[in-house]
Amino acid sequence: MKFEFENPTHLVFGAGRLSQIGEIVSKHGKKALLVTGGGSVKRNRTFERAVSSLNAAGVTVVECSGVEPNPRLSSVMRGAEIARNEGCDIVIGMGGGSTMDAAKVMAAAVNYEGDPWEMIAHGQSNWRLPTSALPIITVPTLAATGSEMNGGAVITNEKTTVKSFVIAKCLYPRVAIVDPELTLSVPQDQTAFGICDLITHVTESYFNGADGTPLQDRFAEGVILTAMEWGPKAVADGNNLEARAQVQWASVVALNGWVQVGTAGAFPVHMIEHVLSAHHDIAHGAGLSVVNPAWMRFAAQTRPARFAQFAQRIFGLSLKHPDDRDAAMEGIDRFEAFLHSIGCPTRLSQLEIGDALLERYAQDTVHVIHDGEGRLPGRPPMSEKDIIEILRSAL
Ligand code: NZQ
Ligand code: ZN
C-alpha cells in the first residue's frame with residue numbers, strides 16, 4: 001500500500017457547460033487550435049457554439065478538422081504543423097477519444113525534438129516521453145475513453161500498422177469540459193461501444209491489479225453496476241439526458257486514475273485490442289467487447305476466486321466456496337450476454353476478422369510491451385501462444 005496520486009485536470013461537468021468554453025479557454029490561451037473529427041460536431045452545431053463562445057471571449061480559433069477514428073500519426077503531424085505555423089498557444093480537442101488523443105499529442109509534438117512517433121511506446125529501446133505541451137482543453141462528445149481527464153493518448157502509425165499509447169504528465173488536460181448534452185447525438189452502436197470501453201477500463205485493473213485493494217474493488221464494481229444500469233437506457237433512447245449524464249460520469253471516473261490508484265495493474269485486453277484496431281480499423285469498444293470475455297475465460301482458469309467475486313458482486317450469484325469455478329464462468333457468460341444485449345459484438349467474425357493473422361496479432365501485441373520473458377504483462381502474463389488461444393476462442 002504505497003502509492004502517489006495526482007490528477008491535475010480541472011473538471012467542469014454538467015449539461016450546458018459548453019457555453020463556458022470561451023471564458024475557460026481565455027484563462028489559458030488566446031489563439032486556439034481547435035481539433036475536430038469527421039464532422040459530427042458541425043452537424044450537431046457544437047462547433048458553431050464553441051467558436052462563438054471562444055470569439056466572444058477574445059480567443060482566435062484555428063481549425064484542424066478531419067481526425068479519423070483510430071487517429072493516425074499523419075493527422076497528429078498535420079495538426080502540430082498548423083499549430084506551429086499559426087503560433088497557437090493552446091489546443092482544444094473536441095470530439096471522441098480519437099480527436100482528443102490526437103489533440104493531446106499535437107500539443108506535445110509542437111515542442112518535441114525529433115519524430116513524434118518516438119513518444120509512443122512501440123518496442124523502442126529509448127522511449128522518449130514528452131516533457132512539455134501546449135495547454136490542452138478537452139471537450140468530449142462521446143462517453144467512452146476517459147481521455148478528457150487523463151494523461152494518455154493512443155495513436156496509430158499507419159505506415160507500420162502499430163497502434164499504441166503514450167502516458168505523460170504534460171498530456172493531462174488543463175480543463176475538461178464534460179457536457180452530456182454533446183453526447184445526445186452519438187449513434188446507438190457507438191454509445192454501446194463506449195459503455196463496453198468504460199467497463200473494460202475498470203475490469204482491467206480489477207482483474208490484473210495487485211491483491212489487497214478492497215476499496216478500489218468497490219469503486220470498480222460501482223462503475224460497472226452504474227454503467228450496466230444506465231447504459232442500456234442511453235442505448236435505448238439516445239435523447240435520455242439523465243442516462244447520458246450517468247454514463248458519461250462513469251466514463252470519466254473509469255479512467256481518470258482514481259479507480260486504479262494503488263492497483264498497479266497491466267491492461268492486457270487493451271493491448272490485444274489495439275492490435276486488432278490497428279489492422280482492421282474497428283471501433284475500440286467493439287474490439288474490447290470481443291476480447292474481454294475471451295480473456296476473462298482464460299484468466300479465470302488461474303484465478304477463479306477473483307472471477308467468482310465478480311460474479312457474486314456484479315450478478316448476485318451465490319458461491320459454493322471462494323474458488324467456485326462454475327460461478328466464475330457463469331459470471332463471465334452473463335457479462336458477455338450483457339454486452340450482446342446492448343448491441344456489442346462478442347465474436348471476431350462479427351467484426352469480419354478471421355484466423356489468417358492470429359500469429360501476427362500476438363507478435364505485434366508483445367512487441368509493444370513485454371516482460372523479461374517476452375510475455376504480455378497481466379495476471380497471468382501471456383505468451384504469444386496464449387494470445388492466439390484467446391483470440392481463437394473468440395472467432
Ligand atoms: O469523427 P466524428 O465525425 O466526430 O464522428 C465520431 C466517430 O465517427 C463519432 N462521434 C463522436 N461524438 C459524436 C459522434 N457522432 C455523433 N455525435 C457525437 N456527439 O463517433 C465515432 C467514433 O469516435 P472515436 O473518437 O473514435 O471514439 P472513442 O471515443 O471511442 O475513441 C476511441 C479511440 O480512443 C482510444 C482508442 O484506442 C481509439 O483510438 N483510447 C484512448 C484512451 C485514452 N486516451 O485514455 C483509452 C482508451 O482505452 C482507448 O484506447
Ligand atoms: Zn479503452
Side-chain angles (χ1 to χ4, degrees), residues 7 9 18 35-47 65-73 75-76 93-105 120 136 138-158 162-168 171-173 176 178-205 234 238-239 244 247-248 251-252 254-257 260 267-278 281-289 291-292 344 368:
N7 184 324
T9 302
L18 179 70
V35 185
T36 63
S40 69
V41 292
K42 299 215 168 143
R43 287 190 292 278
N44 62 24
R45 295 192 54 249
T46 301
F47 180 83
S65 61
V67 172
E68 54 286 294
N70 301 317
R72 296 178 181 183
L73 186 59
S75 294
V76 169
M94 196 168 76
S98 298
T99 299
M100 292 187 286
D101 283 4
K104 286 157 103 174
V105 182
I120 314 289
I136 298 160
T138 45
V139 187
T141 62
L142 197 169
T145 62
S147 178
E148 59 274 9
M149 198 180 173
N150 69 39
V154 182
I155 301 296
T156 299
N157 184 330
E158 63 274 35
V162 173
K163 178 181 182 187
S164 185
F165 64 93
V166 51
I167 299 177
L171 295 181
Y172 275 96
V178 184
D179 180 343
E181 273 179 7
L182 309 186
T183 69
L184 293 176
S185 58
V186 177
Q188 211 168 28
D189 58 350
Q190 292 289 346
T191 303
F193 302 156
I195 291 160
C196 175
D197 188 22
L198 83 88
I199 292 176
T200 311
H201 294 154
V202 304
T203 60
E204 295 271 35
S205 54
N239 284 317
R244 291 290 195 183
V247 169
Q248 196 162 27
S251 75
V252 173
L255 203 58
N256 70 356
Q260 289 79 16
F267 269 51
V269 174
H270 272 70
M271 295 300 115
I272 297 171
E273 193 296 316
H274 286 166
V275 172
L276 297 180
S277 44
D281 218 1
I282 55 171
H284 171 63
L288 293 174
S289 180
V291 178
N292 203 17
C344 288
V368 166

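For ligands, and for the atoms within them, numbers begin at 1 and follow the listed sequence.
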| query | Any N/O/S of Glu273 under 2.8 Å from the Zn ion (ligand 2)? | reply |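 Under 2.8 Å: Glu273 has no N, O or S contact with the Zn ion (ligand 2).
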| message | Would you say Asn292 and Thr203 are linked by a side-chain donor-acceptor pair, where the criterion is simply a distance under 3.5 Å? | response |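 Yes, Asn292 and Thr203 have a side-chain donor paired with an acceptor closer than 3.5 Å.
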| query | Do Ser147 and Asp101 have a side chain donor and acceptor closer than 3.5 Å? | reply |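 A donor-acceptor contact under 3.5 Å links the two side chains.
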| message | Only N/O/S atoms count here: what is the atom of His270 closest to the Zn ion (ligand 2) called? | response |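 Result for His270 and the Zn ion (ligand 2): NE2.
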| said: Tell me which N, O or S atom from His284 is the closest to the Zn ion (ligand 2). | reply: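 The nearest such atom is NE2.
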Would you say [X] has any N or O atom under 3.5 Å from an N or O of ligand 1, going by distance alone?
| X | result |
| --- | --- |
| Val41 | no |
| Ala144 | no |
| Thr183 | no |
| His270 | yes |
| His201 | yes |

Please list, in number order, the atoms of ligand 1 under 4.0 Å from a heavy atom of [X].
| X | result |
| --- | --- |
| Pro187 | 15 (N), 16 (C) |
| Gly96 | 25 (O), 29 (O) |
| Ser147 | 43 (C), 44 (N), 45 (O) |
| Pro71 | 39 (O) |
| Val186 | 13 (C), 16 (C), 17 (N), 18 (C), 19 (N) |
| Gly152 | 44 (N) |

Going by heavy-atom distance to [atom], choose the closest among [options].
| atom | options | result |
| --- | --- | --- |
| atom 39 (O) of ligand 1 | Arg43, Lys163, Glu148, His284 | Lys163 |
| atom 24 (P) of ligand 1 | Gly238, Ser98, Gly38, Pro69 | Ser98 |
| atom 12 (N) of ligand 1 | Thr141, Thr99, Ile155 | Thr141 |

| query | Is it the side chain, the backbone, both or neither of Asn150 that has a heavy atom closer than 4.0 Å to ligand 1? | reply |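 Asn150 to ligand 1: side-chain contact only, backbone stays beyond 4.0 Å.
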| task | Just to the nearest 10 degrees, tell me the angle at the Zn ion (ligand 2) spanned by His201 NE2 and Asp197 OD1. | result |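 If I round to 10°, I get 80°.
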| field | Per-atom contact, atom 35 (C) of ligand 1, protein heavy atoms, under 4.0 angstrom | value |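 It does: a protein heavy atom is found less than 4.0 Å away from atom 35 (C) of ligand 1.
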| said: Has Ser289 got a side-chain atom pairing as donor or acceptor with Ala286's backbone, closer than 3.5 angstrom? | reply: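 Flag not set: sc Ser289 to bb Ala286 has no pair under 3.5 Å.
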